[in-house]
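Comments concern the structure below.
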Number of protein chains: 2
Amino acid sequence: MPDRRSQILDAAAALIAEHGFTSTSVDDVIKGAKLSGKSHFYHYFKSKDELGYEVLNRQFERFSERGLAVLREPMIDPLERLNLFIDSVVALQAESGGRRGSPFGNLAAELADAHEGFRVRIEAVFERWASQIRSLLWEARPQLQDDVDAVRLSRFIIAALEGAVLMTRVKRDMAMLEGIAFDLKRFIAMHGRDALVVPVVRTSE
Amino acid sequence: MPDRRSQILDAAAALIAEHGFTSTSVDDVIKGAKLSGKSHFYHYFKSKDELGYEVLNRQFERFSERGLAVLREPMIDPLERLNLFIDSVVALQAESGGRRGSPFGNLAAELADAHEGFRVRIEAVFERWASQIRSLLWEARPQLQDDVDAVRLSRFIIAALEGAVLMTRVKRDMAMLEGIAFDLKRFIAMHGRDALVVPVVRTSE
DNA sequence: TGCTTTTAGGACCATACGGTCCTAATTTAG
DNA sequence: CTAAATTAGGACCGTATGGTCCTAAAAGCA
């Protein structure tokens, strides 16, 4: 695995995070990675799509190491870890001044309809993400109410975070994300055993 | 306001909902609206962007009439209206088998970073949407706990729905959206006066 | 030394796109 | 009837894009 590959992947990741996949041309990547030309690029990747796939994989690995890692910290209370994780998502978004977000949500929204290859890969990413949250919820079982649906709750957490990141990108205002993160933490806390009353849902059916 | 304009806008809206704005070419719109050629199109719209802006406006007006309308029904209990609204979003997504979603979220994700003109218009759309939910929450004040933050809650609702729609598009599974909608309703219900205990938030700060 | 991989750089291509321009037929309104 | 608006249709243009092909200089390795 040559070093140049990483260089290309890094440059591509930065460009894609900034402008999206479609708006990032191969020539842009070549400039960003300071390659000599097209042939140089195609010496390492057989197509732009392949590049995109590898960038996506890489993003998830980084996210798993840096963001998701806290979910597995054995010395911290599980529900506390979940709060820390939510904070880390907020912090990540803050780094770009609210402009970027989870790279998965961006790609998902951009390509889910148009590009099946990406869609399935992004689906897998979300599944792996959800699975880690499910593990944590399983671990936190003793502190949670008996009827907590880990699958449903894990999906809700991810959806709320992705939606929050999207809204924040549109509004360019970190307060948006912070407020939603706050509410999300409250919602999770309400699944604890110490939350005595879970109000009845008013369904319209 | 000629009839042909509407025809073009309808065709464009359908195509954009299906493939996104960038992936919808002017020629596609021309075919979809059965125009004779480019000049015919540019007789009605001065650019593709202008077309996009008008489609966005139209989508919001429709959404306001069809989706948001229930929020203003004076004969129904406010919080019940909110649940009905959430159901309507689920139903809307179900119509396309989970493939499409709120057209705003799609456009937002696709263009918020790349196209400032769209970004500000989408921001306005979300603001108007949030404002309608805030009004409803204000109306529901007597039934809500005193410390409910209407601004924060309205944003949370929209973010959760947009995130849910996004995840559903990726997963192509309506169960995703239904589960999140269920949890969202529960979260709203927990702001009611009848919800006796609001658990303490575990913040990590 | 030789052979392979990497770097360099340019020419080229088919396709697609947004947009302009021009001419002429057809329809609509006053 | 006449002028204006609409419909029709095609030629064009500049630009960008993903991708291929080819040649040749360096670098790394046996």
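Naming convention: chains lettered A, B, ... in sequence-line order (proteins, then strands); numbering from 1 in each chain.
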* To do: Specify whether A:Tyr53 and A:His115 have parallel, tilted or perpendicular ring planes, treating 30° as the upper limit for parallel and 60° as the lower limit for perpendicular.
  => perpendicular
* Could you tell me how the ring of B:Phe187 sits relative to the ring of B:His191: parallel (under 30°), tilted (30 to 60°) or perpendicular (over 60°)? =>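 It falls in the perpendicular class, over 60°.
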* Distance-only side-chain donor-acceptor flag, B:Asp3 / B:Ser6, under 3.5 Å ->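 Their side chains do not contain a donor-acceptor pair, so the 3.5 Å distance test is not met.
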* To do: Classify the side-chain pair A:Arg169/A:Ser96 by whether it contains a donor and acceptor separated by less than 3.5 Å.
  => no
Ignoring hydrogens, what is the shortest heavy-atom contact between [X] and [Y]? Give both atom names and the distance.
| X | Y | answer |
| --- | --- | --- |
| A:Leu137 | A:Leu144 | O-CD1, 3.7 Å |
| A:Ala159 | B:Ala164 | CB-N, 3.8 Å |
| B:Thr24 | B:Leu15 | OG1-O, 3.4 Å |
| B:Ala108 | B:Phe126 | CB-CE1, 4.2 Å |
| A:Ala33 | A:Arg4 | O-NH2, 4.0 Å |
| B:Ala150 | B:Arg134 | O-CG, 3.9 Å |

[X] [atom1] to [N] [atom2], straight-line distance once rounded to whole Å:
| X | N | atom1 | atom2 | result |
| --- | --- | --- | --- | --- |
| B:Asp49 | C:dG19 | CG | C1' | 12 Å |
| B:Phe41 | C:dC17 | CZ | C1' | 13 Å |
| A:Leu51 | D:dG19 | CG | C1' | 14 Å |
| B:Gln7 | D:dT7 | CD | C1' | 12 Å |
| A:Tyr44 | D:dG19 | OH | P | 18 Å |
| A:Asp3 | D:dG28 | CG | C1' | 15 Å |

* To do: Kindly say if B:Arg4 contacts the phosphate of D:dT7, meaning a side-chain N or O under 4.0 Å from OP1 or OP2.
  => yes
Are there any protein N/O atoms within less than 3.5 Å of an N/O atom in nucleotides 27-30 of chain C, and if so, which ones and at what distance?
none

* Asked: Backbone N or O of B:Ser102 within a donor-acceptor pair of the B:Glu162 side chain at under 3.5 Å?
  ->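 No, the answer is negative, given that no donor and acceptor are paired below the 3.5 Å cut-off.
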* **Test item: B:Arg119 side-chain N/O and B:Ala112 main-chain N/O as donor-acceptor pair under 3.5 Å** =>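 It does not hold such a pair.
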* Asked: Are B:Val90 and B:Met174 close enough that some pair of their side-chain heavy atoms sits under 4.5 Å apart?
  ->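 In short, these two side chains touch, coming nearer than 4.5 Å.
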* To do: Can you pull out how bent the helix from C:dG2-D:dC29 to C:dG30-D:dC1 is, comparing the axes over its first five and last five pairs, to 10°?
  =>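 The helix from C:dG2-D:dC29 to C:dG30-D:dC1 shows an end-to-end axis angle of 20°.
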* To do: Mark yes or no: B:Arg5 above the aromatic ring of B:Phe45, with NZ or CZ under 6.0 Å from the six-membered ring centre and no more than 45 degrees from the axis.
  => yes
* **Members of residues 111-122 of chain B that approach DNA chain D, where some heavy atom sits under 4.0 Å away** =>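 Under 4.0 Å from DNA chain D: no residue of residues 111-122 of chain B.
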Quick one: which protein N/O atoms are closer than 3.5 Å to N/O atoms of nucleotides 9-12 of chain D? Pair and distance per line, please.
residue, atom, partner, partner atom, Å
D:dG9, O6, B:Ser39, OG, 2.3
D:dG10, O6, B:Ser39, OG, 2.7

* Asked: Where the side chain of B:Lys48 is defined as all heavy atoms beyond and including C-beta, which of C:dT7, D:dT7, C:dG19 is the nearest nucleotide?
  ->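 So the side chain of B:Lys48 is nearest to C:dG19.
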* **Out of C:dG18, D:dT6, C:dA8, whichever nucleotide has its closest atom nearest the side chain of B:His43** => D:dT6
* Give me the residues of residues 21-31 of chain A where at least one heavy atom lies under 4.0 Å from an atom of DNA chain C, by number, or none. =>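 The stretch gives none, as no residue of it lies under 4.0 Å from the strand.
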* Asked: Is it the case that more than 12 heavy atoms not belonging to A:Arg128 sit under 6.0 Å from its CZ atom?
  -> no
Show me the side-chain donor-acceptor pairs of residues 35-42 of chain B shorter than 3.5 Å, one per line, residues at least two apart or across chains.
residue, atom, partner, partner atom, Å
B:Ser36, OG, B:His40, ND1, 3.3
B:His40, ND1, B:Ser36, N, 3.3

